[in-house]
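Here it is, the structure in full.
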Amino acid sequence: MDTKFKVLAVSLLCLNISGCEYIDNILHPDDDDDEVIVDDQFRSAAQQVGLSDAIITRLCTATDKISVKCISRLNDETNQQEVRVEYAYNDVLHKNDYAKSTTTSRVIFNLPADSAIANFTFENSRDIEFDEGYQYTADEPANFAVATLVNNQNEAIAELTNSSVTTEVSDSKLSNISTASLTNTDYPLSEAQDLVNAASSILFPELILNVTSSSVTMPTDASFEMFTAGHSAILSHYSVTFSTAIEQSWF
């Protein structure tokens with residue numbers, strides 16, 4: 001199918017972010033038409049950090065299951081222009097006998113200007129709602145501080161720091177967001193490329209969940225299995241593009 005390229009010369013407001021141009025590229029193409037939308041200001045900022053026109057277009061192209069946001073913003077803390085591309089595999093629902101879970105997998109490619117730290121971040125976001133009448137406890141497993149990047153044989157190729165925030169939203173709701181990053185200070189260009197090329201997914205440890213109720217008096221395991229399909233889909237579709245983008249901008 002043919003791909004149409006549209007260049008928008010319109011400045012879009014980004015709420016609550018100073019100096020931000022926000023391109024809402026949540027593109028879910030029709031069956032007969034793929035569309036790529038690249039804003040002029042984002043393209044200019046991306047070119048300044050070294051990305052070519054072809055790679056900019058490929059980075060900002062979504063699929064029917066993976067949404068994309070291309071963002072150019074001025075970082076208030078560093079006063080540097082940043083190029084940020086966010087990929088999301090959204091709202092995957094899981095259920096067990098005691099709760100339901102909604103999971104979103106993200107990959108965030110952030111390229112600050114002026115030789116600041118560039119990073120390639122994996123994010124796993126899970127919201128859990130427990131069935132009525134159940135009380136829950138949440139504990140971190142022993143390996144919770146590590147997220148493991150794996151190849152297609154499920155072999156570990158890198159261990160990254162898992163930065164996790166767990167929020168008890170209410171007596172029946174729990175939220176957890178975990179992130180792990182590759183940075184150009186820890187991984188030089190060739191090593192970062194090799195990891196992105198070889199990576200099939202990332203394993204974020206899951207919280208240990210137990211529930212009790214008036215009828216279930218002993219703590220009962222209500223944990224959810226690790227979800228890897230989202231990051232696998234993003235890496236499978238974009239790894240070649242990520243590798244080329246790293247080659248052009250990872251300094």
Side-chain angles (χ1 to χ4, degrees), residues 1-8 10-17 20-43 45-46 49 51 53-73 82-94 100-111 118-128 147 149 165 175-182 196 199-202 204 226-246 249:
M1 79 184 72
D2 293 331
T3 301
K4 295 191 303 185
F5 302 92
K6 293 186 178 180
V7 179
L8 302 183
V10 179
S11 294
L12 303 179
L13 288 175
C14 179
L15 298 178
N16 299 323
I17 301 178
C20 178
E21 294 296 332
Y22 180 85
I23 302 92
D24 193 5
N25 278 353
I26 305 179
L27 307 178
H28 296 283
D30 297 329
D31 291 340
D32 59 351
D33 187 20
D34 284 349
E35 187 174 50
V36 181
I37 302 175
V38 182
D39 180 85
D40 264 353
Q41 195 146 347
F42 173 82
R43 183 180 293 277
V49 298
L51 299 178
D53 278 348
I55 288 299
I56 292 168
T57 297
R58 285 157 59 185
L59 285 171
C60 294
T61 302
T63 75
D64 58 344
K65 291 186 177 180
I66 302 168
S67 64
V68 182
K69 296 179 183 178
C70 292
I71 302 167
S72 173
R73 71 171 188 173
E82 294 182 334
V83 171
R84 182 180 176 99
V85 187
E86 301 179 4
Y87 302 84
Y89 193 96
N90 288 305
D91 299 339
V92 178
L93 182 65
H94 299 94
K100 64 180 179 181
S101 160
T102 304
T103 304
T104 296
S105 305
R106 291 187 178 88
V107 169
I108 303 165
F109 193 24
N110 189 55
L111 294 168
N119 57 68
F120 189 87
T121 299
F122 300 90
E123 180 183 292
N124 187 65
S125 173
R126 189 187 283 273
D127 294 322
I128 301 167
L149 205 59
V165 177
S175 173
N176 174 258
I177 299 177
S178 296
T179 60
S181 298
L182 302 170
V196 169
S200 174
S201 193
I202 187 166
F204 282 102
M226 191 179 298
F227 179 70
T228 61
H231 288 115
S232 294
I234 295 170
L235 287 168
S236 175
H237 192 83
Y238 293 99
S239 62
V240 173
T241 302
F242 292 153
S243 178
T244 305
I246 287 172
S249 60

**Request:** For side-chain contact (heavy atoms from CB on, under 4.5 Å), just list the numbers for L59 and L51, CA-CA rounded to whole Å, side-chain angles, deciding distance to a tenth of an Å, and then say yes or no.
**Result:** CA-CA 10 Å; L59 285 171; L51 299 178; 3.8 Å; yes
**Item:** Exercise: identify the closest heavy-atom pair between I177 and S125
**Value:** CG1-OG, 3.9 Å
**Request:** Take R126 and T102 through the test side-chain contact (heavy atoms from CB on, under 4.5 Å) and record every step on the way to the result.
**Result:** CA-CA 6 Å; R126 189 187 283 273; T102 304; over 6 Å; no
**Prompt:** Considering all heavy atoms of both residues, which atom of L149 and which atom of A199 are nearest to each other, and what is their separation?
**Reply:** CG-CB, 3.8 Å
**Complete:** Between the CD1 atom in I55 and the OG1 atom in T244, the distance rounded to the nearest 0.5 Å is 4.5 Å
**Message:** On a heavy-atom basis, which atom in S249 and which in V49 lie closest, and how many Å separate them?
**Reply:** CB-O, 3.3 Å
**Prompt:** Any side-chain heavy atom of V92 within less than 4.5 Å of one from H94?
**Reply:** yes
**Asked** Is there a side-chain contact between E123 and E86 (heavy atoms, below 4.5 Å)?
**Response** no
**Prompt:** So, do V68 and V85 sit near enough that their side-chain heavy atoms are less than 4.5 Å apart?
**Reply:** yes
**Request:** State, with a plain yes or no, whether a side-chain heavy atom of I128 is found less than 4.5 Å away from one of S175.
**Result:** no
**Asked** How about Y238 and I66: do any of their side-chain heavy atoms sit closer than 4.5 Å?
**Response** yes
**Asked** Run the ring pair (Phe, Tyr, Trp, His ring centres under 6.0 Å) check on F122 and Y87 step by step: do they pass?
**Response** CA-CA 10 Å; F122 300 90; Y87 302 84; over 10 Å; no
**Request:** Give the minimum heavy-atom separation between T121 and N119, together with the two atoms involved.
**Result:** OG1-OD1, 3.3 Å
**Asked** Just how far is it from atom NZ of K69 to atom SG of C60, taken to the nearest 0.5 Å?
**Response** 13.5 Å
**Asked** What are the two closest non-hydrogen atoms of A118 and L111, and how far apart are they?
**Response** CB-CD2, 3.8 Å
**Message:** I'd like to know if the side chain of S72 and the backbone of V83 have a donor-acceptor N/O pair within less than 3.5 Å.
**Reply:** no
**Message:** Over 60° means perpendicular and under 30° means parallel, so tell me whether F120 and F109 are parallel, tilted or perpendicular.
**Reply:** perpendicular
**Request:** Identify the heavy atoms of S105 and G230 that sit nearest to each other, and give their distance.
**Result:** OG-CA, 3.6 Å
**Request:** Classify the angle between the aromatic ring planes of Y89 and F227 as parallel (below 30°), tilted (30 to 60°) or perpendicular (above 60°).
**Result:** tilted
**Prompt:** When rounded to the nearest 0.5 angstrom, what is the spacing between CZ in F242 and NE2 in H237?
**Reply:** 9.5 Å
**Item:** Worked check of side-chain contact (heavy atoms from CB on, under 4.5 Å) between S67 and N90
**Value:** CA-CA 8 Å; S67 64; N90 288 305; 3.3 Å; yes
**Spatial distance of atom CG (N124) from atom CZ (R106) [nearest 0.5 Å]** = 10.0 Å
**Message:** For T228, is there any backbone N or O sitting under 3.5 Å from a side-chain donor or acceptor partner on S201?
**Reply:** yes
**Request:** Enter the distance from I202:CD1 to H231:NE2 here, rounded to the nearest 0.5 Å.
**Result:** 6.5 Å
**Request:** Working to the nearest 0.5 Å, report the span between CD1 of I108 and OG of S181.
**Result:** 8.0 Å
